[in-house]
Protein chains: 2
Amino acid sequence: MARSKGITIRDVAKRAGVSVAAVSMALNGTGTLSAATRLRVRAVAEEMDYQADALARGLRRSSVGAIGLVMRSLDSLGEYAPRGVDVFTRYIGAISAQAMDRGLSVMLVPDPTKRPTPPLALSLDGYIVMMPHLDDPVVALLERRGIPYATLARDPGRPDFTDWATEDEATYFGRVYEHFIANGARSIVLLRGTDPNAWNIDSEATYRAWCESTGMTPRVYKSAERAGESGGETVAHTIVDDGIPDAILCHTGRQAAGVLVGLTARGVAVPDRTMLAAASDSEHTRHSRPAISAVELHAAETTLALLDLLQARIAGEPSAGPVLTTARFRVRASSRRTH
Amino acid sequence: MARSKGITIRDVAKRAGVSVAAVSMALNGTGTLSAATRLRVRAVAEEMDYQADALARGLRRSSVGAIGLVMRSLDSLGEYAPRGVDVFTRYIGAISAQAMDRGLSVMLVPDPTKRPTPPLALSLDGYIVMMPHLDDPVVALLERRGIPYATLARDPGRPDFTDWATEDEATYFGRVYEHFIANGARSIVLLRGTDPNAWNIDSEATYRAWCESTGMTPRVYKSAERAGESGGETVAHTIVDDGIPDAILCHTGRQAAGVLVGLTARGVAVPDRTMLAAASDSEHTRHSRPAISAVELHAAETTLALLDLLQARIAGEPSAGPVLTTARFRVRASSRRTH
DNA sequence: ATGAAAGCGCTAACAC
DNA sequence: GTGTTAGCGCTTTCAT
């Protein structure tokens, strides 16, 4: 339970022969201290291996130097073994590494709305919410409590909110369609997920707009994110029954891998009869046979922007968002045709 | 910066017409309050949506309700995009989910020894350290500060330390060897990693002891964890040059996948000429052609034990460790021979 | 059974 | 330039 505390600011003050205020000022670079005292105090503190208690400091400053990370879409996977969804684990890694570089700690908060509220949840300096859902309760909570936050991808329910960053989906989706067309596709199917997040909503809108402008008849299928590969496989059969298209674009690598299995089972050759691509890369796209063309998301670039946005919000600066980062479409065998 | 705080215990006290002490007692179930007051205060607190400030509470109790998670071997990968090392990401997920169930938050702490020390690092209630290295500086820091911790796998430098849990490596390694033998293997090679952790040290010892008892000549190869697939591929060539064995057991799925590539390049058929298996499962083992036999680690079971051990340590109870959990060897095409 | 008050370790006014 | 002191919000004796 209660652990014995270590060295306090008083110990350092006593040893350095100054007041606690002097120590505080010396270590924080605040106030008006003589350079000599400042240096001496710092030396003593260093020597004693003194570390200011984060709780006491946080209580005074109302700022703990830690942010929360809510893995929205990870929760929705139901289980915590997100096989193949390495997109999100890469975001976790990128964010924690970058946050540490800035002297921020990262706290994993699966769901701060769940009672009882996790202890530190409401004391964190800010939050990064991954892929907020429509009417996301976490966002509502943060908003209600006045806690700063930034989101990965826009909040579909709040068009005015600008503290978000994401890969420029409209651009790279367009690139995929053009790639399909350039390889002779006349009909393209979109397979999206069911979570009510920007990713699903916006890409369908992009697709429909694109169909509109090219005169193509839109065909949109849905499969729940958590259904993973088997969901994709099931949909593949439906797609074949409805009429084999020239190309299929799936949201996740898992779905694409499942679709590939389904198509193959029905004797539909990929890429010869139908081309296939995924809008997010994963082990599945890389290791399928044939390997599946996919959009490579650059997590590090996006999370860097998210941290910038969040820190600006915490500092009370005006929003510089939204930020759109670039992603690269990597063509693999599943959509490579040799005319 | 400093965020305006929410409702405090004083607000609740005022509204309920009692003292702050009464509120504290009512909400914590401590002291000697009349049932009536207790209930009334709780109702008021509930109604006001009051949440005790974790920082102030932590300052008094010297306990914040949060634990740290140090991904030792993940750091050693150098970059934070652990492709194929889904073992660790699964541990992250399992631990954070289980910790939340117990009302604990999980803080990701890449390296608490790195200066400047991350703010809350020294204020956390305890730590779970994944795969500590020999003379691990993180363990040394925790030890020095008197912070409770439990480790995934034993600390190779501290035989007396018992607060650890791991999959029962000796048992399942034996099972793999027996499987190889049963399928006609006369010579078996072990490919391990280079990190000085229990995983590498103990499995080599198990292997050598097993060779000793069966009269087989031990052949141990090493490849740095961070070298991943290409490391395995390189080693495969060396192994072939040294003489093709009947079976190869690799530590990681990435290494095994690389070895498979290397063997195939040299015309060594798997599993016909040489069988292959990995001691930890990953996307690589599942998606390679042929799929690679692998030991499936049950992260959830092990992390549950780790949390129990840690909480016992935090509560000052005697250690109930070490805990050995079971793992299952899943035979796939890479070691399945049809006689 | 309840309230008043003393701190937990720190920062920031405010004196000197 | 430096020290004294009043809290941050909470828990916990100790009176009453």
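These numbers come from the heavy atoms of this one structure, side chains and all, not from hydrogens, waters or symmetry mates. Below, read A as the first sequence line, B as the second, and so on, with proteins coming before strands; counting in each chain starts at 1. None of these values were measured; they are calculated from a predicted model.
Salt-bridge formation is detected for the pair A:Arg145/B:Asp49: a Lys NZ or Arg NE/NH1/NH2 atom is positioned less than 4.0 Å from an Asp or Glu carboxylate oxygen. Looking at A:Arg102 and A:Asp308, a side-chain N of the basic residue comes within less than 4.0 Å of a carboxylate O on the acidic one, giving a salt bridge.
Distance CG (A:Asp11) to C1' (C:dC8): 14 Å, rounded to an integer number of Å. Atom C1' of nucleotide C:dG9 and atom CG of B:Leu120 are separated by 14 Å, given to the nearest angstrom. Remark: C1' of C:dG9 and CG of A:Leu27 are 13 Å apart, rounded to the nearest angstrom. The CG atom of B:Leu122 sits 19 Å away from the P atom of C:dC8 (whole-angstrom rounding). A straight line from CG of B:Leu55 to P of C:dT11 spans 13 Å, rounded to a whole angstrom.
Between A:Val23 and A:Ala13, the shortest heavy-atom distance links the atoms CG2-CA, 3.6 Å.
Phosphate contact (OP1/OP2 of D:dT2, side-chain N/O of A:Thr37, threshold under 4.0 Å): present.
Comparing the helix axis at one end of the helix from C:dA1-D:dT16 to C:dC16-D:dG1 with that at the other, each defined from 5 consecutive pairs, gives an inter-axis angle of 50° (nearest 10°).
Across all strands shown, B:Ser34 has heavy atoms under 4.0 Å from sugar-phosphate atoms exclusively, and none from any base.
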Summary of protein contacts for nucleotides 10-16 of chain D, nucleotide by nucleotide, where a base hit scores B, a sugar-phosphate-only hit scores S (4.0 Å, heavy atoms) = BBBB---
